[in-house]
Structures are given as structure tokens and as C-alpha cells.
Amino acid sequence: MNITSAIALLGITQGFFFFFLLASSKKNRYANRILAAFMFFQAIVIAANSVVTYSIKLPVPHLFLVDWPLSMVLGPLFYFYIRAMIDRSFRIRPVHLLLFSTALLSFLDNLGIYMLSGQEKELFIKAKIFGEAVLPGEKAFPASSMLSVPGIQIQMIIYIIISIRRILKYRKALLESHSSLENKSLNWLLLMSVLMIPNYLVNFIGVLLTVTGFIRIPWKDTAFIPVVGFTVILYIIGYKSLKQNESTLSETDTQLSSKRVKYRKAGLNDEKIDSLFNLTCSKMEVEKLFMDPDLTIEALAERLGISKHHISQAINIKTGSNFYLFVNSYRISAAIKMLKTSGDQTNILSIAFKSGFDSKSAFYSAFKKIMGTAPGEYLKTIAQ
């Protein structure tokens, strides 16, 4: 037992631990069950890597190479998890199962090795991985195995990039439909997704250089790198997923942001846009709708009795911005009036809540985005 094998053991234990927690979670049930499956298979992949990596006397030789097809299951599962997190209506359909075809092909490719007895697999591992035995006959890795390991890394990187694009599209849709991004923006999931890429990329480059013979690094000396990286990343993803609130968006909501470019070419005419925008502004000012920290474009549309797409169109065309900035500009205006009246920096948090913000961080973020400076700095300028 050394530090890397201890981390591997921690990763395996952690994977199964989060599997049970996520599978039984009542929050984000569908998304968390997908992540539970991801954690379960990832734990097996780490375990399979540990068998050949850390010279564990091979007590479970049947784990050998099961990580190859299971690693190809992880990419689609991670993508499905992202989809379910950002779209409350998402469900895995039969057509989605086609994404697991590479895992099936990998399984069939290695079927000959899987059917070996435990003793034969142990001898195979000692000969092929550690060079400590001589194989009888001509038993060897499948011809396509040279491409399997780097292929796993490339496939996962592709799925992560696609997932990141989905998150960015979701975040853009939030700006078109929500006045507060607190606990909704999935910054943590975006960060974890981005951090997964170098983890796979380093492993891909190492495997590629080893396979091509450019450098000679024993497999058992390099496989700990992704194990350590994923142990940390998966812990954060599992923990944050258990605390994350359920998405309020559906697939149709995420299409709002993509329609902005088309608004100038179709939909309401200029007169109706002016009328609708003036009505929206009047309601915001008279009824102070911006004071509701959870105000959404859907709630505003219901209040006005108008389609949320038409409201979004009017706001986008008349202000050149989105619903988030439109509502928060009213909140900041109200906050500035109170700041000028009080002139007291110690009262900023109270002013933030009175202006319709649900947290200090949301207030500071919106204030700096709209006014170009922090509230404290703004107070100093008006005090001069």
C-alpha cells in the first residue's frame, strides 16, 4: 500500500458511497440516478485500473479490461446527466442507446480475454503488464487494443465539450428567463467539466506516446494520474449534485436565447413592440414587480397575460439586452436611491434585500455589471 493505491482505494469507496446516496436522493431524482450509474461504473473502472496498476497480487483478475467498455459508457452517461440537470423534461429514449455502441464494440473486441479463466488472466496480466511471466501459446491483446485506450480519452473529451456547450446554452437561457441566477447557474458543474478535459488529455498524451514507442513509461507508473484527478473531481460533483436545486427550465425554455437573432426578422411589428415594452415597464415601475427575487419571465408573462416569447422579444429589441439585466436595472436603480439617502456602507446588505436581490453576492455581481463599479466604490464617488 502506497499513497497512490490509497487514493485509488478512496476513489473506489467514494464512487460506491455516492452511488447509494445519489440513487436514493429525492432532489433532482432523474439526473442523480444517471449520475449514480456514472459513479458506479467509474468506481469499477478505478478498481479495474488498480488491479493492474498497483501490484495488488491480483485477487480479482476478472476485473482485467472491464474498464475499457465501461469507460466508453461514462461519456454518454455524463452527457445524459448534464442534459437532465439543465432540462427538467429530459428523459433517456431508445434512440439515445446508440451512444453506447462503442462500449458494446469494445466488449465484443475483448470477449476472448474475458472468457479466459482466472488463472489465465492472472498470467496474462503478469506477462503483458509487469513482464513477470511468459505466456503459453500466442495469447495477445486484440489487434484494435492499440487504439482502444486513446480512443476512450478522445471520446470522453468530445462528450465533455458537448456537455460544456449545453451548460453555456443553459446559462444563456437563464439570462433570458430569470432575474436571479443564485443556485441556478451551475458554475460548479461548468468548472468541474472544464477540469476533466486536462485530466483526460494528459492521460491521452501519455498513452499515445507510450503506444507509439516515443517514450517508455510503464502502464503501472502512469495510470494513477487519472485516478487521483477523478477522485477529487467526482467527489465535488457528487457532493454538489446532492445539494443542487432542480432546474426550472425545459428544452423549450433553452431555445429562447437562440431566437434573439431572429426577432428582428419576424414576430411583432414595431408598434406592438413599443406598446408591449411600455406596458411591461409600467407594470415594473407601478407594481414594483422587480421586488420579487424569484421573478421569471414566465411569471411576468402570466401577470401581463402575454406570451413570454413576445415579452422577451420586446425587451431584447428595445434594450438590446436580456430579461436578467432588464429586471436588475430596476433593482439597481432602487438600490442607488437608498444608497444616496443613507450614504452608509454598513447598510448595503439591507439595501440589497430591499431592492429585490436574494443575496449579497447577487447584488454585488449585478451592481458591478450594470454600474461598472462595486457599491462601496460608487458610494465614495457620490460622497465627493
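Side chains included, hydrogens not; waters and symmetry mates left out as well; all remaining heavy atoms used.
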Step through it carefully: locate the ring centre of Y79, locate the ring centre of H96, and say whether they are under 6.0 Å apart.
-> no
Is R331 close enough and on-axis enough to F357, meaning under 6.0 Å and within 45°, for cation-pi?
-> yes
Does NZ or CZ of R91 fall inside the cone over Y30's six-membered ring, less than 6.0 Å from its centre and within 45° of the axis?
-> yes
T102-Q155 side chain donor-acceptor pair, cut-off 3.5 Å | yes
Evaluate whether atom OH of Y114 has more than 12 neighbouring non-hydrogen atoms of other residues, nucleotides or ligands under 6.0 angstrom away.
-> yes
So the side chain to side chain donor-acceptor pair (under 3.5 Å) pairs with at least one residue in residues 32-47 (sequence neighbours excluded) are S25-N32
Fellow cluster residues of V95, listed by chain then number, with links counted only when side-chain atoms sit under 4.5 Å apart | L98
Y330 side chain to S355 side chain, donor-acceptor N/O pair below 3.5 angstrom = no
With sequence neighbours left out, which residue pairs that include part of residues 273-290 fulfil the salt bridge (charged side-chain N to carboxylate O under 4.0 Å, His left out) condition?
-> D274-K318, K283-E287, E287-R303
Is the ring centre of Y235 less than 6.0 Å from the ring centre of F18?
-> yes
Counterpart residues, side chain to side chain contact (heavy atoms under 4.5 Å, CB included), relative to K369 (two or more places apart) = L325
By side chain to side chain contact (heavy atoms under 4.5 Å, CB included) - contacts of F100 (at least two apart) | V73, P76, L77, F80, L97
Residues at least two apart in sequence or cross-chain that pass side chain to side chain contact (heavy atoms under 4.5 Å, CB included) with D294, listed by chain then number, are D292
Would you call the rings of F40 and F16 parallel, tilted or perpendicular if under 30° counts as parallel and over 60° as perpendicular?
-> perpendicular
